[in-house]
There are 2 protein chains.
Amino acid sequence: MSSRNMTRAAFFVLTALADQPRHGYGILREVEELSDGEVQLRVGTLYGVLDRLTDDGLIVLDREEVQQGRLRRYYRLTDEGVAALDAEAERMAAGAGAAKRRIAEGRRATAPADTAPRPPTAPGLAGGFA
Amino acid sequence: MSSRNMTRAAFFVLTALADQPRHGYGILREVEELSDGEVQLRVGTLYGVLDRLTDDGLIVLDREEVQQGRLRRYYRLTDEGVAALDAEAERMAAGAGAAKRRIAEGRRATAPADTAPRPPTAPGLAGGFA
DNA sequence: CCAGAATATCTCGGCTTCCGATATATATCG
DNA sequence: CGATATATATCGGAAGCCGAGATATTCTGG
């Protein structure tokens, strides 16, 4: 899809980083938590996303730490990253709203008349099956 | 991404069909219109999506018409399709809300310290979305 | 003490999905 | 008469997702 398309994975990585810098594994856990367990960002997905977001200038490597013998590589949002996330959130909210509104409209249209006898829309021809 | 992931293209096709049945080309135009020109569903994307949604039982072929010498193949949402779209809209709204909230938290945390001391009451962020 | 889980990094290959290009056909507008 | 709009559909390259595996340390339960 077009229109400055941001992938879902990228969106959730940015969201996880929106309040504070985090390292890869932390992002994984945070995405699961912030989505109430609904979204599970996979390890195999993460690093590709991190690389792409870095290339696009939406995140930067903040710092590296060694905690209890384990390396932690922290990333943080750039100003551009914040702006991109904000714009994407706006688009998603708009899309969700549009869907909800249309579902309501559809319900109204299809509404009560259950056994609606097929209106005689003469298809003319559809010459399919023999 | 996991968690019964629906692609963006699929989401917008379902949204375009939510109020009434439409044919392929009509979906293309409707998606552009309902998204205010923000989202452009591509022709090369459409038919694959339509096939997948049909296989998944979220849409069905409603009817075929010949208008002005041109074939029109109308699709419509199934009950399952409506439910799937509704659930996805819910997830998107939640995701958008989470992102917005976190951006606000991040701004507070990264606060430019020197600039005007933030008045206690947060500015407009009425929780939800539009 | 040792096995297994958790924490932490990263790569590879297969599969799915996206989309530009292309093909076909009719109708309309300048 | 050529361009644009309407309308269908396919193909192949590119991008993206994710299961699986590699590597290494620490924590926990039995």
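Below, chains carry the letters A, B, ... as their sequence lines are ordered, and counting in each starts from 1.
- Note: CD (A/Gln68) to P (D/dA24) measures 19 Å, nearest angstrom.
- Distance, B/Asp51 CG to D/dC11 P: 12 Å, rounded to whole Å.
- A distance of 4.5 Å separates CD1 in A/Ile59 from CG in A/Leu53, rounded to the nearest 0.5 Å.
- Residue A/Arg70 is the one, among B/Val49 and A/Arg70, whose nearest nucleotide of DNA chain C lies closer to the 5' end (criterion: closest heavy atom).
- Between A/Arg52 and D/dA14 there is no side-chain N or O to OP1 or OP2 distance below 4.0 Å.
- Distance CG (B/Asn5) to P (D/dC18): 6 Å, rounded to an integer number of Å.
- For C/dA8, one of the phosphate oxygens OP1 or OP2 lies less than 4.0 angstrom from a side-chain nitrogen or oxygen of A/Arg72.
- For the pair B/Tyr25 OH and D/dA5 P, the computed distance is 7 Å after rounding to whole Å.
- Comparing A/Gly69 and A/Gly44 by the nucleotide of DNA chain D whose heavy atom lies nearest to each, the residue mapping closer to the 5' end is A/Gly44.
- Look at CG on A/Leu28: it is 13 Å from C1' on C/dC10, rounded to the nearest Å.
- At the phosphate of D/dG19, OP1 or OP2 sits under 4.0 Å from a side-chain N or O atom of A/Arg42.
- Within 4.0 Å (heavy atoms only), B/Gly48 reaches no atom of the nucleic acid at all.
- Taking a cutoff of 4.0 Å between a charged side-chain nitrogen and a carboxylate oxygen, B/Glu90 and A/Lys100 qualify as a salt bridge.
- Regarding contacts with the backbone of C/dA8, every side-chain N or O of A/Arg73 stays at 4.0 angstrom or more from both OP1 and OP2.
- Note: CZ (A/Phe11) to P (D/dG16) measures 17 Å, nearest angstrom.
- No side-chain N or O of B/Tyr74 forms a donor-acceptor pair with one of B/Arg76 less than 3.5 Å apart.
- The CD-C1' distance, from A/Gln67 to D/dC27, rounds to 15 Å in whole Å.
- By the neighbour-count criterion of 12 heavy atoms within 6.0 Å, atom CG of B/Asp36 is sparsely surrounded, having that number or fewer from other residues, nucleotides or ligands.
- Using a 4.0 Å cut-off, no side-chain N or O of A/Thr7 falls inside it from OP1 or OP2 of D/dA15.
- Regarding contacts with the backbone of D/dC18, a side-chain N or O of A/Thr45 is found under 4.0 angstrom from either OP1 or OP2.
- Atom pair B/Glu64:CD and D/dA7:C1' shows a separation of 12 Å (rounding to whole Å applied).
- Remark: A/Glu64 does not engage A/Arg72 in a salt bridge, criterion side-chain N to carboxylate O under 4.0 Å.
- Side-chain N/O atoms of A/Arg29 include none lying less than 4.0 angstrom from OP1 or OP2 on C/dA6.
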